[in-house]
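What follows is a single structure, written as structure tokens, with notes after it.
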Amino acid sequence: MIDDTRDILCDLIAFPTVSADSNLELIAYAADHLGALGARTSVILDETGHKANLIASLGPEEDGGIALSGHSDVVPVADQDWTSDPFELREENGRLYGRGTCDMKGFIAASLAVAPLFAERPLSRPLHFIFTYDEEVGCLGARHLVDEMGRMETRPSVVIIGEPTEMRIVEGHKGCCEYTTTFTGLEGHGSMPDHGVNAVEYAVRYVAKLMELREDMKRWAPPGSRFDPPWTSLQIGRIAGGVAHNVIPGLCTVDWEMRPVRAEDRVRLRAAIDAYVNDTLLPEMRAVSPDADVFTHVIGEVVGLEPCDDNEALRIVSELTGSNEVDVIAFGTEAGLFQELGMSAVVCGPGSVEQAHKPDEFVSLNQLESCLAMLRGLEPRLIAE
Ligand SMILES: [Zn+2]
């Protein structure tokens, strides 16, 4: 089975599915592979028609079931120094090199390689394969897919996301929300500050409020939180505005980000900062210039995966891997989106995040073997006694 996995991975790596480009060939390849095994496949195109998600299902057409999920896109290779062609699989010393080998085509290849095993058996519970687009640029594909799945009559109840965790079990990660807030004031001469609306000064007050709320968030940290830091963090990444000492700046932008430990923190913080804008800043700004404005553009809001007490996905993966050690991680995945839809989600996959996004990315054959063992172990859970 490791040979099948290697062959499939070789094919997957050859599709240069950098997020900016199309993933249709890869999705068609996976759909053909699973379709030939008798899976019900559904290819869901994005609005441009250049990218797609795939859901494929084996077994009974009913609610519930276990899903194996991975993103099909990879990060770019531009400006990286690779030993060999990143889109041609190379094997050396028990490692398979190529862009996406660990993040995360290795898991997709292993999933496709075990599929025939399940196709031959009378499954009593469905097994789903979910492959998405645009994870690396804000989980856009999964967001689209989850919206579609929300309208479906039947959907999986458990999802295993095979992001590279060295096969360690991960039950949580923070969300990642990025914003650009633009302050539009009124330019004027520095000698007459009351005749203008100083966009930089309002931006500074906004930033000060965010930093005050950041302190509040430390108190909102869930008890027993294992994240580092345990609370929702926030930081200002960039401020840009102004022309010269003696000119009232008419424009200022603030780039900031928040890493929520739970979804309600994001809602709470945004409500608090929006209230400050609407009740305090805007009335003062508009008293001088009715056209003054404060606008927050959401760059991305990737939800976190919140650890929870009753997690079927975690129980299953824990039994399959024989490990009771459960971690939280620092990087984001699509898991939180599935959790939002009521699915139980866990992250566990081959390869290390150490190699992800870097030149000479690789996954070891050992890691793929462990992954195959985990996936094969699903068999008794999908077949009636
Ligand atoms: Zn990934």
Side-chain angles (χ1 to χ4, degrees), residues 1-15 17 26 29-30 33-34 37 54 56 66-75 82-119 127-132 135 159-170 313 316-323 325 327 329 331 333 346-379 381:
M1 197 159 281
I2 189 70
D3 292 332
D4 296 338
T5 307
R6 185 200 283 107
D7 291 347
I8 294 171
L9 185 55
C10 182
D11 293 340
L12 295 180
I13 294 301
F15 299 117
T17 52
L26 185 152
Y29 173 95
H33 178 93
L34 294 166
L37 298 171
L54 171 69
I66 298 174
L68 306 176
S69 178
H71 61 81
S72 64
D73 60 320
V74 295
V75 295
W82 283 72
T83 305
S84 56
D85 184 347
F87 298 108
E88 201 174 300
L89 195 72
R90 175 170 66 91
E91 184 170 352
E92 200 179 306
N93 297 328
R95 292 170 169 181
L96 300 174
Y97 291 86
R99 170 54 83 224
T101 43
C102 88
D103 188 12
M104 55 182 291
K105 292 178 174 176
F107 179 78
I108 296 179
S111 306
L112 292 175
V114 294
L117 192 78
F118 296 100
L127 176 64
H128 309 272
F129 300 82
I130 298 177
F131 304 138
T132 60
E135 188 271 346
V159 59
I160 301 168
I161 294 107
E163 287 277 5
T165 64
E166 296 175 277
M167 295 306 294
R168 297 168 70 86
I169 306 169
V170 166
I316 291 174
V317 171
S318 191
E319 283 167 25
L320 294 179
T321 59
S323 167
E325 258 182 68
D327 287 335
I329 45 171
F331 61 93
T333 75
V346 71
V347 184
C348 181
S352 163
V353 72
E354 275 298 304
Q355 274 85 50
H357 300 196
K358 291 187 184 154
D360 291 339
E361 173 179 349
F362 69 84
V363 66
S364 71
L365 289 166
N366 280 340
Q367 282 283 303
L368 289 176
E369 292 273 18
S370 309
C371 180
L372 288 170
M374 170 179 85
L375 297 176
R376 273 196 299 254
L378 285 170
E379 205 177 323
R381 283 163 186 81

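Hydrogens, waters and symmetry mates play no part in the numbers below; they use all other heavy atoms, side chains included.
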Legend entry - Side chains of Val114 and Met1 in contact at under 4.5 Å (non-hydrogen atoms): yes

Inset, instruction - With the side chain counted from C-beta on, respond yes when Val170 and Glu163 share a heavy-atom pair under 4.5 Å apart, and no when they do not. - result: no

Inset, instruction - Drop me the distance from Tyr97's OH to Cys102's SG, to the nearest 0.5 angstrom. - result: 11.5 Å

Inset, instruction - Return yes if some donor-acceptor pair links the side-chain N/O of Asp360 with the main-chain N/O of Thr83 below 3.5 Å, else return no. - result: yes

Inset, instruction - Determine yes or no for a side-chain-to-main-chain donor-acceptor pair under 3.5 angstrom, with Glu361 supplying the side chain and Ala356 the backbone. - result: no

Legend entry - Nearest atoms (heavy-atom pairs only) where Leu365 meets Glu91: CD1-OE2, 3.3 Å

Inset, instruction - To the nearest 0.5 angstrom, please state how far the OG atom of Ser323 sits from the CD1 atom of Ile169. - result: 4.5 Å

Inset, instruction - Decide side chain to side chain contact (heavy atoms under 4.5 Å, CB included) for Met104 and Val74; before the verdict, give the C-alpha distance in whole Å, the side-chain angles of both, and the deciding distance to 0.1 Å. - result: CA-CA 8 Å; Met104 55 182 291; Val74 295; over 6 Å; no

Legend entry - Contact check, side chains of Arg376 and Leu320, non-hydrogen atoms, under 4.5 Å: no

Legend entry - Any donor-acceptor N or O pair under 3.5 Å, side chains Ser84, Arg90: yes

Inset, instruction - Indicate yes or no for a side-chain donor-acceptor contact from Arg99 to the backbone of Ile13 under 3.5 Å, with no hydrogens or angles considered. - result: no

Legend entry - Closest approach of Thr165 to Val347 (non-hydrogen atoms, all atoms of both residues): CG2-CG1, 3.7 Å

Inset, instruction - Measure from the side-chain N and O atoms of Asp327 to the backbone N and O of Ile329, and report whether any donor-acceptor pair falls under 3.5 Å. - result: no

Legend entry - Heavy-atom pair with the smallest gap, counting every atom of Pro350 and Met167: N-SD, 3.5 Å

Inset, instruction - Look up atom CD in Glu166 and atom CG in Asn366, then write down how far apart they are to the nearest 0.5 Å. - result: 12.0 Å

Legend entry - Euclidean distance, Cys348 SG relative to Ile161 CD1, rounded to 0.5 Å: 10.5 Å

Legend entry - Validation row: Leu54, Ile130 side chains within 4.5 angstrom (heavy atoms): no

Inset, instruction - Would you check if the side chain of Ser364 reaches a backbone N or O of Arg95 as a donor-acceptor pair within less than 3.5 Å? - result: no

Legend entry - Separation between CG of Leu378 and CZ of Arg381, rounded to the nearest 0.5 Å: 7.0 Å

Legend entry - Separation of Ser111 OG from Phe118 CZ (nearest 0.5 Å): 9.5 Å

Legend entry - Backbone of Ala109 reached by a side-chain donor or acceptor of Thr5 within 3.5 Å: no

Legend entry - Test item: Val363 and Gln355 side chains (from C-beta on) under 4.5 Å apart, heavy atoms: no

Legend entry - Exceeds 12 heavy-atom contacts within 6.0 angstrom, atom CZ of Arg168: no

Inset, instruction - Taking the side chain as every heavy atom from C-beta outward, state whether His71 and Ile108 have any atom pair closer than 4.5 Å. - result: no

Legend entry - Intermediate values then yes/no, side chain to side chain contact (heavy atoms under 4.5 Å, CB included), Leu9 and Thr101: CA-CA 7 Å; Leu9 185 55; Thr101 43; 4.3 Å; yes

Legend entry - Thr17: side chain to side chain donor-acceptor pair (under 3.5 Å) partners, not counting sequence neighbours: Lys105

Legend entry - Side-chain heavy atoms of Leu375 within contact of Ile160, under 4.5 Å: no

Inset, instruction - Heavy atoms only: give me the nearest Gly98-Trp82 pair and the separation to one decimal. - result: C-CH2, 3.6 Å

Legend entry - Exercise: identify the closest heavy-atom pair between Ala115 and Leu34: CB-CD2, 3.6 Å

Inset, instruction - Side-chain contact test, heavy atoms from C-beta onward, threshold under 4.5 Å: evaluate it for Phe131 versus Leu112 and give yes or no. - result: yes

Inset, instruction - Kindly give the heavy-atom pair with the smallest separation between Ala110 and Cys371, and that separation in Å. - result: CB-SG, 3.9 Å

Legend entry - Other residues, nucleotides, ligands: >12 heavy atoms within 6.0 Å of Glu354 CD: no

